[in-house]
Amino acid sequence: MPELPEVEALRDFLTGHLAGREIVRVLPVAISVLKTYDPPLTALEGRQVAAVHRHGKFLDVETAGGPHLVTHLARAGWLHWKDPLPGGLPRPGKGPLALRVALETGAGFDLTEAGTQKRLAVYVVSDPREVPGVARLGPDPLADDFDEARFAALLDGERRQLKGALRDQSLLAGVGNAYSDEILHAARMSPFKLAASLTDEETARLYAALRTTLTEAIERSRGMAAGRLKAEKKSGLRVHGRTGEPCPVCGDTVREVAFSDSSLQYCPTCQTGGRPLADRRLSRLLK
């Protein structure tokens with residue numbers, strides 16, 4: 001799933017390719033992705049793109065004097081820039097294409113979604129806060145005013161484990177499964193440690209890991225074409241998705257805990273005092 005760094009890189013890429021250009025056609029190919037109907041998609045046509053924003057994992061294309069096109073790529077969605085766009089009308093039900101946006105220049109982008117779980121979402125709204133997922137977002141961890149004190153206040157009294165707390169979009173916007181693993185590895189903390197149990201020193205360490213991990217991921221992706229961002233994300237991960245490989249910090253073997261629809265990866269030496277974590281399905285979690 002694209003997370004804060006990839007969506008921020010897409011925002012930066014689209015700003016350079018969309019801002020000031022006119023949208024001439026918006027073609028829905030998979031009607032299921034469209035979550036709003038008023039304003040209609042046609043309200044975007046004939047308008048210039050004023051800016052591109054990011055809200056957590058949501059992309060927001062703002063048109064001048066018109067509505068916003070807000071997209072959540074979900075687990076298997078992606079954005080493909082094409083210059084020029086293919087000719088002719090796309091055929092519904094054929095392949096992963098869900099939505100096409102065409103500019104007056106002949107370029108544009110496709111939104112696609114692989115797999116059978118169709119969760120890609122597109123909204124056309126007057127204000128991005130009309131999107132329920134945007135309205136419930138917590139603070140952006142890279143915002144200028146998101147300091148250590150504000151982070152500590154969020155975790156104060158939080159009885160969940162760190163892994164779940166970091167992934168909660170209403171607590172903190174933009175961090176998902178992959179980067180929560182990376183942040184906890186950088187902070188040298190167990191994913192099952194209770195958020196409320198952190199000492200002041202541990203809170204400071206987790207805050208630094210949060211900001212540094214996300215900032216470095218964005219810097220690695222800056223200036224890249226949209227099509228290269230997935231590969232860049234994978235190459236930069238140290239523990240997530242690397243079960244059985246050596247930890248790049250200590251050389252211990254990266255381990256995994258599997259859940260019903262996801263998994264987490266961690267290094268026992270760096271994060272849990274050398275002890276392997278119990279599988280969640282056994283209902284016994286090691287701190």
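Below, each value reflects all heavy atoms present in this structure, side chains not excepted, and no hydrogens, waters or symmetry copies.
Using a distance-only test at 3.5 Å, with no hydrogens or angles considered, a donor-acceptor pair links the side chain of Thr63 to the main chain of Pro67. Of the possible polar contacts, none joining the Glu182 side chain to the Leu237 backbone as a donor-acceptor pair under 3.5 Å is found. At distances below 3.5 Å, not a single donor-acceptor pair connects side-chain atoms of Arg188 with backbone N or O atoms of Leu184. A donor-acceptor pair under 3.5 Å links the side-chain atoms of Thr213 to the main chain of Ala209, judged by distance alone. Counting only distance, with no hydrogens or angles, the side chain of Glu104 and the backbone of Glu22 share a donor-acceptor pair below 3.5 Å. Judged purely by atom type and a 3.5 angstrom limit, Asp252 has no side-chain atom pairing as donor or acceptor with the backbone of Cys267. Within the 3.5 Å criterion, the main-chain N or O of Arg205 finds no donor-acceptor partner in the side chain of Glu148. Not one N or O on the side chain of Glu256 forms a donor-acceptor pair closer than 3.5 Å with the backbone of Ser263. Within the 3.5 Å criterion, the main-chain N or O of Asp127 finds a donor-acceptor partner in the side chain of Glu130. Looking at Glu3, its side chain does come within 3.5 Å of a backbone N or O of Ala178 through a donor-acceptor pair.
Hydrophobic clustering (side-chain heavy atoms under 4.5 Å, transitive across Ile, Leu, Val, Met, Phe, Trp, Tyr) keeps Val122 apart from Ile31. Hydrophobic clustering places Val101 together with Leu79 (ILVMFWY residues linked when any side-chain heavy atoms are closer than 4.5 Å, directly or through intermediates). Leu69 and Leu103 fall within a single hydrophobic cluster, where Ile, Leu, Val, Met, Phe, Trp and Tyr are joined by side-chain heavy atoms under 4.5 Å apart, directly or via other members. Cluster annotation: Leu111 and Val131 are assigned to distinct hydrophobic clusters (Ile/Leu/Val/Met/Phe/Trp/Tyr, side-chain heavy-atom contacts under 4.5 Å, transitive). In the hydrophobic clustering of this structure, Leu97 does not group with Leu85; members are Ile, Leu, Val, Met, Phe, Trp, Tyr whose side-chain heavy atoms approach within less than 4.5 Å, directly or through other members.
Separation of atoms CZ (Arg100) and CG (Asp110) is listed at 4.0 Å; rounding is to 0.5 Å. Atom CD in Glu8 sits 8.0 Å away from atom CG in Asp140 (nearest 0.5 Å). For the atom pair CG of Leu120 and CD of Glu113, the computed distance is 5.0 Å after rounding to the nearest 0.5 Å. How far CE of Met189 is from OG1 of Thr203: 7.0 Å, rounded to the nearest 0.5 Å. One distance of note links CD of Gln265 with CZ of Arg242; it measures 10.5 Å at 0.5 Å rounding. Separation of atoms CZ (Arg211) and CG (Leu206) is listed at 13.0 Å; rounding is to 0.5 Å.
In this structure, Glu245 places its CD atom where more than 12 heavy-atom neighbours from other residues, nucleotides or ligands lie under 6.0 Å away. The environment of CZ in Arg129 is sparse: at most 12 heavy-atom neighbours from other residues, nucleotides or ligands sit within 6.0 Å. The neighbour count for Asp200 CG, taken as heavy atoms of other residues, nucleotides or ligands under 6.0 Å away, does not exceed 12. Annotation: Arg25, atom CZ; neighbour count of heavy atoms from other residues, nucleotides and ligands within 6.0 Å does not exceed 12.
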List the steps and the verdict of side-chain contact (heavy atoms from CB on, under 4.5 Å) for Val26 and Thr42.
CA-CA 7 Å; Val26 183; Thr42 53; over 6 Å; no
side-chain contact (heavy atoms from CB on, under 4.5 Å) between Arg150 and Asp145, intermediate numbers included
CA-CA 8 Å; Arg150 192 175 180 191; Asp145 62 352; 3.4 Å; yes
Show your reasoning for whether side-chain contact (heavy atoms from CB on, under 4.5 Å) applies to Leu171 and Glu158.
CA-CA 10 Å; Leu171 186 73; Glu158 178 58 65; 4.2 Å; yes
Which is it for Ile218 and Leu142 under the side-chain contact (heavy atoms from CB on, under 4.5 Å) test, yes or no, and what are the steps along the way?
CA-CA 11 Å; Ile218 289 173; Leu142 295 184; 3.4 Å; yes
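Between Val254 and Pro246, the shortest heavy-atom distance links the atoms CG2-C, 4.3 Å. Minimum interatomic distance between Ala50 and Ala64 (heavy atoms only, all atoms of both residues): CB-N, 3.9 Å. Smallest separation of non-hydrogen atoms from Ala107 and Trp81: CB-CZ2, 3.7 Å. In this structure, Leu44 and Ile23 approach most closely via the heavy-atom pair O-CB, 3.7 Å. Considering every non-hydrogen atom in both Ala98 and Val33, the closest pair reads CB-CG1, 3.7 Å. Across every non-hydrogen atom of Val124 and Pro39, the tightest pair is O-CD, 3.4 Å.
For the pair Phe109/Leu18, a side-chain contact is recorded, criterion being any heavy-atom separation below 4.5 Å from C-beta on. Within the 4.5 Å cutoff, no side-chain heavy atoms of Ser190 are placed close to those of Tyr266. Using a 4.5 Å heavy-atom cutoff, the side chains of Tyr123 and Val134 are not in contact. With contacts defined as side-chain heavy-atom distances shorter than 4.5 Å, the pair Leu154/Phe146 qualifies. In this structure, Leu73 and Met1 have side chains that are not in contact, with every pair of non-hydrogen atoms separated by 4.5 Å or more. Tyr179 places a side-chain heavy atom less than 4.5 Å from the side chain of Pro5. Looking at heavy atoms from C-beta onward, Leu27 lies in side-chain contact with Leu89 at the 4.5 angstrom threshold. Side-chain contact between Tyr207 and Thr212: absent, with no pair of heavy atoms (C-beta onward) separated by less than 4.5 Å.
Of the listed residues (Arg167, His240, His185, Lys163), just one forms a side chain to side chain donor-acceptor pair (under 3.5 Å) with Ser180, and that residue is Lys163. With Asp60 as reference, His68 is the one residue of His53, Arg11, Arg54, His68 to meet the side chain to side chain donor-acceptor pair (under 3.5 Å) rule.
For Lys193 and Glu202, the salt-bridge test passes: some basic side-chain N is under 4.0 Å from an acidic carboxylate O.
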